[in-house]
Amino acid sequence: MQNHPMYIDGRSVDAASGEWFDSFNPFTGEPWARIAKGGAADADAAVKAAHRALTSGPWPQMTASQRGMLLHRLGELIARDARRLAEVEVQDNGKLIAEMHGQLNYVPQWYYYFGGLADKIQGAVIPLDKKGYFNYTRHEPVGVCVAITAWNSPLLLTAYKLAPALAAGCTVVVKPSEFTSVSTLEFVKLVEEAGFPPGVVNVVTGFGKDVGPTLVEHPLVAKIAFTGSSATGRTINEQAAKHFKRCTLELGGKSPNIVFDDAKLEDAVNGAVSGIFAATGQTCIAGSRLLLQESIHDAFLDKLLALAKTARMGNPMSPDTQIGPITTRPQYEKVLGYIDIAKQEGAQVRLGGGPATRPECGRGWFVEPTVFSGVKNSMRIAQEEVFGPVLSVIPFKDEEEAVAIANDIRFGLGAGVWTSDIGRAFRMSERIQSGTVWVNTYRVVSYMSPFGGYKDSGLGRENGMDAIREYLQTKSVWINTGAATGNPFVLR
Ligand code: NAD
């Protein structure tokens, strides 16, 4: 097993404690890499390095165009190494090699897009109500940012944060999930190769409870960009609020995928199946509540079950595999726990409903693709995020009821609407409370389009023009061009 040290101030370093922890391959259930077990001292060193790089040395002297060129170069290096990085991800998080190849080939676009945006950040000249003054705005980097990521798509979630932060001129400490740190440590070697000065990007590994509070509460940190569970997001937001730090939070979801009887049913079946079983359901935007109009409920469900039954499970490294393992042992147990809860609540198992014991699953952490019908929206299986291949099917009568069920939840990340009625598509898109609505499609994202949550699904936006504003602060500059500066004690 290879040891993977952290990356602080342009150097590979062991944890101050000298300790390591294991990262597991979810297909074999065995440890495959050893990661430096960072603590408060390492987090502090990384933040200080990022602050030095922000305030001295080459980074603050660079023009925005030069920053953009570095980002572009980084994108090219990721494209060069996409295959290798994808294979690392699969070993660490068990996602399908086909999906990871697609994802890693797409990740460079974030660095190209935000690299291009770096020198297009413009202030404004403000038309004033006063004579004798000139007033303009500057958009300046917020400062040192901490990027904390979840285990499901480490390098994509890092790109969401790092690309706009660097384009804005910030410096960054990245903290990957303790379950999937290897790809971020491999990626940061490309950051160095691209020519970013030491300290501009740092990676601290370790458990959230050990390094998280130091990173979040550090007085030299200006902003936290977090992807993870709503529970951790709440803790981070509370800690950050104490120090008036900015936060973007990309949190959990329980997204409704709503099928009306006027939809193209074959497309909707494909969309519903990929909405929940792609990535083994381990995505924040999983369409985990399938709302079916009563008139098509039974026929649609039959088609969906027929398709879901054909899914091939097995080694995620094999290009033929369609459903892989659950990434972490605790998550595997959590998914099985929710299946039990749903059964106790009276939901009917229509497919799966337990661990996968097929021979091709070996000793990996596999759960059978599971479909529950007869789910009421008030049940825990409908209200709480499972983050696994478990679908809850809920019937509805009409548009009014579909909207009511869709919105009766604390989350608001994504939603799908399947209909051939253009008016209904617009009405539903307006009424659903979520950061993204997909009509007659599901799960499409782009570096160009803002992404984020309503309600408990998060704060702020990643991707697109909205994202770079999250890493900038506006300064208003007043120049006296001829106004008299009178004696303040003489009333005029
Ligand atoms: P998690 O909240 O357990 O951990 C996320 C990260 O936070 C990890 O790096 C962890 O080490 C760190 N962390 C834990 N405690 C911390 C603390 N006290 N201070 C600072 N950092 C701390 O989430 P997870 O299990 O890794 O990821 C799954 C969750 O992520 C799901 O809820 C999913 O919906 C969500 N997610 C959201 C999006 C989105 O864009 N909205 C994308 C992917 C995943």
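Hydrogens, waters and symmetry mates play no part in the numbers below; they use all other heavy atoms, side chains included. Atoms within a ligand are numbered from 1 in the order they appear, just like the ligands themselves.
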request  = Sequence neighbours left out, what passes side-chain contact (heavy atoms from CB on, under 4.5 Å) with Ala311? Give chain and number order.
outcome  =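 Testing Ala311 for side-chain contact (heavy atoms from CB on, under 4.5 Å), a comparison that skips the adjacent residues, returns Gln322, Ile323.
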query = If you draw a 6.0 Å radius around CE in Met1, do more than 12 non-hydrogen atoms from other residues or ligands fall strictly inside?
reply = yes
ask   = What pairs of residues pass the side-chain hydrogen bond (donor to acceptor under 3.5 Å, both in side chains) test when at least one of them lies in residues 15-27, not counting sequence neighbours?
value =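 Found Ser23-Asp92.
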Sub-6.0 Å ring centroid separation between Phe27 and Trp32 =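 No - the distance between ring centres of Phe27 and Trp32 does not fall below the 6.0 Å cut-off.
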key: Over all atoms of both residues, closest heavy-atom pair of Leu472 and Ala168   = CD2-CB, 3.6 Å
Just the distances, no angles: every ligand 1 N or O to protein N or O pair closer than 3.5 Å, one line each.
unit_1	atom_1	unit_2	atom_2	d
ligand 1	2 (O)	Ser229	N	2.9
ligand 1	2 (O)	Ser229	OG	2.7
ligand 1	2 (O)	Thr232	OG1	2.7
ligand 1	9 (O)	Thr149	O	2.8
ligand 1	9 (O)	Lys175	NZ	3.2
ligand 1	11 (O)	Lys175	NZ	2.8
ligand 1	11 (O)	Glu178	OE1	2.5
ligand 1	11 (O)	Gly208	N	3.4
ligand 1	23 (O)	Ser229	N	3.4
ligand 1	25 (O)	Trp151	NE1	2.9
ligand 1	26 (O)	Trp151	NE1	3.3
ligand 1	30 (O)	Gly228	O	3.3
ligand 1	32 (O)	Glu385	OE1	2.6
ligand 1	34 (O)	Glu385	OE1	3.4
ligand 1	34 (O)	Glu385	OE2	2.5
ligand 1	41 (N)	Leu251	N	3.2
ligand 1	41 (N)	Leu251	O	2.7

key: By ring pair (Phe, Tyr, Trp, His ring centres under 6.0 Å) - contacts of His72 (at least two apart)   =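 Residues passing ring pair (Phe, Tyr, Trp, His ring centres under 6.0 Å) with His72: Tyr112.
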